[in-house]
Amino acid sequence: MRVAVVPGPGRAGLLCAVADNGEPLDQPATVSDLAAVVAERERSASVRWVWQSSALVYPRLLRAGVRVGRCHDIELTEALLLGRDETPDQPARLAAAAARVTGRPPRSEPASLLLAEPDGPPRLFDDPHLAGPADQAARAVLDDLIAVHASQQARIGADPQTPRFGVLTTAESAGGLVAAEMTAAGLPWRAEIHNELLTELLGPRPPAAAGPSARPGRLAELAAEISAALGAVRPVNLDSPAQLLRALSAAGLRLPSTRVSALRTVDHPVIPLLLRYKELSRLYTANGWSWLDTWVSGGRFRPEYIVGGVVSGRWATRGGGALQIPRVLRRAVVADPGWSLVVADAAQLEPRILAALAGDRAFAAAAARGDVYDAVADAIGADRAKAKVALLSAMYGGGGGDGGHSLALLRRRFPQASAFVEAAARAGEEGRAVRSVLGRTCPPPSAAWLSITGESGDPGHERDPDAGRASRARGRFTRNFVVQASAADWALVLLATLRTILARPGDPGAALAPADIAWPGGRPGPQLVFFQHDEVVVHCPASQADEVAAAVSMAAATATRLVFGPTEVTFPMTTAVVNCYSEAK
DNA sequence: TCAACAGGCGCG
DNA sequence: AAAGCGCGCCTGTTGA
């Protein structure tokens, strides 16, 4: 059963049951306490909530202590459909989508924005853009919702390209729920451990009175040592690559840039000091005390996750750089007393994805069990390191390290897998779109790209000297897209499946009902707290850790079946039950 | 004064 | 011959 829901004003909301094909099943009903009604329906029936966006609607329900099982996220779904139809520049917002469906001009956006404003007093009457009272505005949003939902159901059902596109839209919506729940739960983060680590590596935190440009002692010492080692008359600003490059040059070190890889190519007493400075400076500026002050509170780090924020379908985050937390800081991620962290990552995910995608029997056999790189090394008669570089080059478009010899062997030994990525590269070079296994579509070439390459990408007519470069760059992008985006498909389905297993009452996992996060005294259960491309972290009572680990394996097997159907390729998870994130792998 | 860009580096 | 994929966010520089 599907129920369209529009939140607001205030705690109220507007509901209307709809059929799978989107037809309204009864009259819209206003309820005064939306969260309470949602909770009641969740208990009594299996509902899929149809709403504008989980990012907009779900946090207020979570704050009221209410979780939902399933939803249809109109805006995430619209973005997938627009991508599929190769019109990704159209806005995916509900109002815009409704205008496309109905042919009417778009409703003024502030209406829905204000309606969705969580928990605040209804300010709708103050808004000059609004034509009428709040209930009329809610009704207008509901009408949009119902119209767009019906259209989306038809468009998903009519997918011409990918029979599994419906799996993608369902999983994307589930991802929206997970994202909001993970933000609400937060990643356990011990500020005092983080602080100790910073003090140990950088020295004490500079007092606020010392001003904003004051550096921790260790950084100031290193800077002085570096200036001295360079024989500089005046202190060099190490944070300015241009200044540093000039100072290096004056000391006889002519380098193409100041990046670590360039510094490592020369032998000079200043180099180790510079490398250490860069490492510590990065820690201080990106994840130092001010990061701690800004992003950690109440023992939790709560980034905002952006589902589908990357073109490949990977998630992005906003605030705190949550997907770039340096590994050294994992020491600060510690389970609550009596709880554990279950840390699981998909081993060698991308090569396995390629094996399953390409239908290459030899490559699939290599990825059927054990270590993919070992198996490939055996097959091409190289060592594991060379095999790994060659495989990554095949997926990224690189040169293969040792003059491409291993890459050539790879092409001969695994012709279908090679042909698969080569075909994706050629499509990109010619300006065509490519798709992930579930049908997520890469963006079309930009106008600038089309003009540089001469419209169709026809290699015979390329005049611009940058044309070849631009064409090959897009080829590398699409080559990688088919693998990275399909890996993101698989990981998203894993995440959605895991969420369902952890939450399902009545099954073997009954003990695993998730904690009611808004009620600290409520029944404890496992919580998804982190998701980073191919890795997931669950925070759970220690007694449930083994069950959670088993649930991860089940979810991986289910994801493999839903995404690829029958395949010889396995997707093993490396799972650790730990007290501290840094203890995993 | 501020926004946009470049260089750089963290993660996968 | 060389070059590889995707992000977020920090600082310094530049130019309106």
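In the text below, chain A, chain B and the rest are named by the order of the sequence lines, each starting its count at 1.
A straight line from CD of Glu304(A) to C1' of dG8(C) spans 13 Å, rounded to a whole angstrom. Residue Glu350(A) contributes atom CD, which lies 9 Å from atom C1' of dG6(C) at whole-angstrom precision. Atom CD of Gln324(A) is separated from atom C1' of dG6(C) by 11 Å (rounded to the nearest Å). Per the geometry, CG belonging to Leu323(A) stands 16 Å off P belonging to dG6(C), to the nearest Å. For the pair His533(A) NE2 and dG8(C) C1', the computed distance is 10 Å after rounding to whole Å. Between Gln532(A) atom CD and dG6(C) atom C1' the separation is 13 Å, expressed in whole Å.
Separating the NE2 atom in His268(A) from the CG atom in Leu273(A) is a distance of 10.0 Å, to the nearest 0.5 Å. Separating the CG atom in Leu253(A) from the OG1 atom in Thr258(A) is a distance of 12.5 Å, to the nearest 0.5 Å.
Looking at heavy-atom distances under 4.0 Å, Arg318(A) makes contact with sugar-phosphate atoms alone, never a base.
Every pair passing side chain to side chain donor-acceptor pair (under 3.5 Å) that includes a residue from residues 210-225 of chain A is listed here, sequence neighbours excluded: Arg215(A)-Tyr277(A), Arg218(A)-Glu221(A).
Of all nucleotides in DNA chain B, those with any atom nearer than 4.0 Å to a heavy atom of chain A start and finish, going 5' to 3', at dG7(B) to dG12(B).
Leu219(A) pairs in a side-chain contact (heavy atoms from CB on, under 4.5 Å) with only one of the listed residues (Leu201(A), Leu280(A), Thr285(A)), which is Leu280(A).
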| said: Show, in sequence, the C-alpha distance, side-chain angles and deciding distance for Arg164(A) and Asp489(A), and conclude whether the salt bridge (charged side-chain N to carboxylate O under 4.0 Å, His left out) test is met. | reply: CA-CA 11 Å; Arg164(A) 298 192 181 96; Asp489(A) 287 349; over 6 Å; no
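A gap of 16 Å separates the P atoms of dG8(B) and dA3(C), to the nearest Å.
Using a 4.0 Å cut-off, some side-chain N or O of Arg476(A) falls inside it from OP1 or OP2 of dC5(C).
Ring geometry for His194(A) versus Trp291(A): interplanar angle of 30 to 60°, hence tilted.
A salt bridge links Glu75(A) with Arg93(A): the closest approach of a Lys/Arg side-chain nitrogen to an acidic carboxylate oxygen falls below 4.0 angstrom.
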| field | Letter per nucleotide, 5' to 3', of nucleotides 10-16 of chain C [B base touched, S only sugar-phosphate touched, - untouched; heavy atoms, 4.0 Å] | value | SSSS---
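Of the possible polar contacts, none joining the Gln527(A) side chain to the Ala185(A) backbone as a donor-acceptor pair under 3.5 Å is found.
Aromatic pair Phe571(A)/Phe564(A): ring centres closer than 6.0 Å.
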